[in-house]
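One structure is given below, encoded as structure tokens.
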Amino acid sequence: MAWTPDDIPDLTGRIAVVTGGNGGLGLVCVHELAKAGAHVVLAARDQDKARTAEEQVRARNPTALTEIVPLDLGSLASVASAAETIQQSHPRIDLLVNNAGVMAMPKRTTDDGFEMQFGVDHLGHFALTAHLLPALLRADAARVVTVTSTARFAGSPVNPADPHYTRGYGPWRAYARAKWANYHFGLGLQRQFEKAGLRATSNIAHPGLSNTDLQSRTVREGGAGWLGAASEVLAKRSGMPAALGARPQLRAATDPASRGGDLYAPRYASSGPAVRRPILRRWDLDRRIADLWALSQRETDVLLDVTRP
């Protein structure tokens, strides 16, 4: 039987944080986690969209427990402030879904001077996870889910001498690199949890081809050329609706059978039911994770070490 949100166990009393919970796959996650009984924090930059999203969730489920916390992943100050706000209300966090992201943007930088896609998709989530680590480790068995993409296969390790593409920038190349980082971050975090002997786990998910605003925003931003327009048309014609595209990350977040370090994805790469997929392990995986960790800590000036929360 294919996995569906009906398989999500009772989450009553659990605290969940979803980045980018104001639309697309993130909004589906908020709805389904709240429907299962979790108290869900919508961490999002656009507050008008977040309020509309919260209204939609409560219209479908009047008993839903939700709240909104401002979060701009393109600002380390905002990330730190959001984490502090969340932990003031919730000293324990059971689930963190690192869902938000941008795709194939024109060349621009975050508030801290990071290349936008690497800064938002990876570094912002790296810093947020680090800041929320004390609350995550207070949970009995917290779970962190990081959303990647099949674009990671076209990605490459970050050049420590030029991590923000001051030379040779390409929108799709930068997106692939950011998704490569998401993948290795998820695996690296699981390794830290295991080394420390903790019950917390880290999983990875990718949604396949889903018809959300992601492709349309790429086109609106004007940085992706003809490939951006083609991806928008393809998503509208053959992409899965958000309700289906969100299932891999929902399963990664809630499946009791998860072993930690699992990758969940559509069965047929870009579509189909959410299934566990094998991790393709390269001989240099340990070095790639270690290099990404060192660079991420250097750029954000944030330590992510589960032995020193």
Side-chain angles (χ1 to χ4, degrees), residues 5 8 11 14-90 93-103 105 110-112 116-117 119-129 131-132 135-136 144-147 182 205 207 210-218 220-221 241-243 245-247 249-250 253-254:
I8 297 175
L11 300 178
R14 304 290 180 88
I15 308 299
V17 178
V18 180
T19 69
N22 57 350
L25 306 181
L27 176 55
V28 174
C29 287
V30 171
H31 169 71
E32 296 295 352
L33 295 174
K35 181 180 176 183
H39 181 112
V40 187
V41 178
L42 291 81
R45 181 180 61 84
D46 189 324
Q47 294 299 283
D48 289 338
K49 284 185 64 177
R51 284 187 288 271
T52 299
E54 187 175 46
E55 290 170 1
Q56 292 172 352
V57 170
R58 291 182 176 176
R60 297 175 65 184
N61 178 12
T63 62
L65 300 174
T66 60
E67 66 181 282
I68 298 170
V69 171
L71 169 67
D72 181 355
L73 288 163
S75 163
L76 291 178
S78 175
V79 170
S81 177
E84 182 179 4
T85 298
I86 292 169
Q87 291 180 100
Q88 284 175 349
S89 300
H90 307 289
I93 297 172
D94 300 280
L95 175 61
L96 170 62
V97 182
N98 290 324
N99 160 81
V102 293
M103 180 177 77
M105 305 287 285
T110 68
D111 288 357
D112 304 284
M116 182 64 74
Q117 297 184 78
V120 169
D121 294 9
H122 170 63
L123 291 177
H125 282 124
F126 180 93
L128 180 67
T129 304
H131 288 309
L132 292 179
L136 288 164
V144 179
V145 176
T146 302
V147 179
N182 289 151
S210 299
N211 183 19
T212 68
D213 189 54
L214 183 66
Q215 292 85 1
S216 296
R217 181 181 178 187
T218 295
R220 290 196 304 270
E221 295 287 344
R247 289 187 178 184
Q249 59 205 67
L250 279 167
T254 64

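Any value given below was found using the heavy atoms of this structure, including those in side chains, with hydrogens, waters and symmetry copies removed.
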(request) Show your reasoning for whether side-chain contact (heavy atoms from CB on, under 4.5 Å) applies to T254 and L33. (result) CA-CA 9 Å; T254 64; L33 295 174; 3.8 Å; yes
Determine whether a donor-acceptor pair (N or O, by modelled atom type, separation under 3.5 Å) exists between the side chain of [X] and the backbone of [Y].
{"X": "S81", "Y": "A77", "result": "no"}
{"X": "D94", "Y": "A16", "result": "no"}
{"X": "T110", "Y": "S75", "result": "no"}
{"X": "D121", "Y": "A100", "result": "no"}
{"X": "D112", "Y": "L76", "result": "yes"}

Which pair of heavy atoms, one from [X] and one from [Y], lies closest together, and at what distance?
{"X": "K35", "Y": "N61", "answer": "CA-ND2, 3.6 Å"}
{"X": "L42", "Y": "A53", "answer": "CD2-CB, 4.1 Å"}
{"X": "Q56", "Y": "L27", "answer": "OE1-CD2, 3.2 Å"}
{"X": "N98", "Y": "V144", "answer": "ND2-CG1, 3.7 Å"}
{"X": "A82", "Y": "P70", "answer": "CB-O, 3.4 Å"}
{"X": "G101", "Y": "V120", "answer": "CA-CG1, 4.4 Å"}

(message) Taking ring pair (Phe, Tyr, Trp, His ring centres under 6.0 Å) as the definition, give me every residue that meets it alongside H131, ordered by chain and number, with sequence neighbours left out.
(response)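 Testing H131 for ring pair (Phe, Tyr, Trp, His ring centres under 6.0 Å), a comparison that skips the adjacent residues, returns none.
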I need the [X] [atom1] to [Y] [atom2] distance, nearest 0.5 Å.
{"X": "H39", "Y": "S89", "atom1": "NE2", "atom2": "OG", "value": "7.5 Å"}
{"X": "L71", "Y": "D46", "atom1": "CG", "atom2": "CG", "value": "12.5 Å"}
{"X": "L123", "Y": "M116", "atom1": "CG", "atom2": "CE", "value": "12.0 Å"}
{"X": "I8", "Y": "E32", "atom1": "CD1", "atom2": "CD", "value": "5.5 Å"}
{"X": "N182", "Y": "N99", "atom1": "CG", "atom2": "CG", "value": "10.5 Å"}
{"X": "L95", "Y": "I15", "atom1": "CG", "atom2": "CD1", "value": "10.5 Å"}

(request) Tell me yes or no: between the side chains of T146 and H125, is some donor less than 3.5 Å from an acceptor? (result)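 Short answer, no.
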(message) Testing the 3.5 Å rule here: is there a donor-acceptor pair between the side chains of N22 and T52?
(response)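 The answer is no; no qualifying pair exists.
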(message) My understanding is that only residues two or more places apart in sequence, or in another chain, count here; which of them pass salt bridge (Lys or Arg N to Asp or Glu O under 4.0 Å) with R51?
(response)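 Testing R51 for salt bridge (Lys or Arg N to Asp or Glu O under 4.0 Å), a comparison that skips the adjacent residues, returns D48.
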(request) Determine which pairs satisfy salt bridge (charged side-chain N to carboxylate O under 4.0 Å, His left out) with at least one residue from residues 52-68, sequence neighbours left out, and list them in order. (result)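 Output for this query lists E54-R58.
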